[in-house]
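A short worksheet on the structure shown next.
Numbers here simply count residues along the sequence, with the first being 1. Order of listing sets the numbers, starting from 1, for every ligand and every atom in it.
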Amino acid sequence: MKIITSNPGKYEEYHKFFEKMGLPIEWIRMKYPELQADTTEEVVIESLNYLISKGYRDFIVDDSGIFIDALNGFPGVYSSYVYKTIGLGGILKLLDGEKNRGAKFVTVIGLELEGNTHLFVGEVRGTINFKPQGENGFGYDPIFIPEGHSRTFAEMSIEEKNSISHRGRAMNKLKEFLIKKMI
Ligand code: IMP
């Protein structure tokens, strides 16, 4: 199994998860064109088709985003662009004085295996903190506190984040699928 991503933080989470399962995952560190679409699922389908057209097989891709309730789901599929432009400070400014801090993270994993493609979706709800906290993780991790917890993802280890995160949930679905295939 290979993961195609340019993001070392994502790779680390996959590596830790699949290492535990005894299934080594190979990292193809590469950027590929990400088509803009209305949903994360559509982005992943386009990415799978693009990479398949380039000859890649037996691989996964991951597209994720943060959807903030008070901003009607923004930045959602624009999460990457918004992170690079206004960043965490910009998001916190948009939420200045906002009492509704609810948000969710979504990961869609796209898998190509034996000529077929499959999607695995994971979500986690939580709240946007009032300031960035923590040094671990990447992206929006310093401002996201998952439901039922009092620390941001950036204050957790990879193992702890994986055990509750959007990506962890999507990876669990992928794992179930792979286990069924092996039996
Ligand atoms: P993409 O999945 O690479 O398109 O990511 C979209 C944006 O969300 C990027 O700015 C990522 O850094 C960020 N992001 C993706 N996954 C996570 C996560 O698990 N935690 C925090 N930020 C994330």
Item to complete: Using the ring of F130 (Phe, Tyr or Trp, six-membered ring only), decide whether R101 places NZ or CZ under 6.0 Å from its centre and within 45 degrees of its axis.
Response: yes
Query raised in the report: Does R57 use its side chain to pair, donor to acceptor, with the backbone of L113 at less than 3.5 Å?
Result: no
Check ligand 1 for close polar pairs with the protein: N or O on both sides, less than 3.5 Å.
from: ligand 1; atom 1: 2 (O); to: K10; atom 2: NZ; distance (Å): 2.7
from: ligand 1; atom 1: 2 (O); to: S64; atom 2: N; distance (Å): 2.7
from: ligand 1; atom 1: 2 (O); to: S64; atom 2: O; distance (Å): 3.4
from: ligand 1; atom 1: 3 (O); to: K10; atom 2: NZ; distance (Å): 2.9
from: ligand 1; atom 1: 4 (O); to: D63; atom 2: OD1; distance (Å): 3.2
from: ligand 1; atom 1: 16 (N); to: R167; atom 2: NH2; distance (Å): 2.9
from: ligand 1; atom 1: 19 (O); to: K161; atom 2: NZ; distance (Å): 2.8
from: ligand 1; atom 1: 19 (O); to: H166; atom 2: NE2; distance (Å): 2.9
from: ligand 1; atom 1: 19 (O); to: R167; atom 2: NH1; distance (Å): 2.9
from: ligand 1; atom 1: 20 (N); to: D141; atom 2: OD1; distance (Å): 2.6
from: ligand 1; atom 1: 20 (N); to: K161; atom 2: NZ; distance (Å): 3.4
from: ligand 1; atom 1: 22 (N); to: Y140; atom 2: N; distance (Å): 2.9

Residue pair D69 / R125, side-chain heavy-atom distance below 4.5 Å: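 Yes, their side chains come closer than 4.5 Å.
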Do S150 and I145 have side chains that approach each other closer than 4.5 Å (heavy atoms only, starting at C-beta)?
no
| said: Can you see whether S157 engages E160 through a side-chain donor-acceptor pair at a distance of less than 3.5 angstrom? | reply: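 S157 vs E160: no donor-acceptor pair found between side chains.
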Would you please indicate yes or no on a ring centroid separation below 6.0 angstrom for F120 and F177? yes
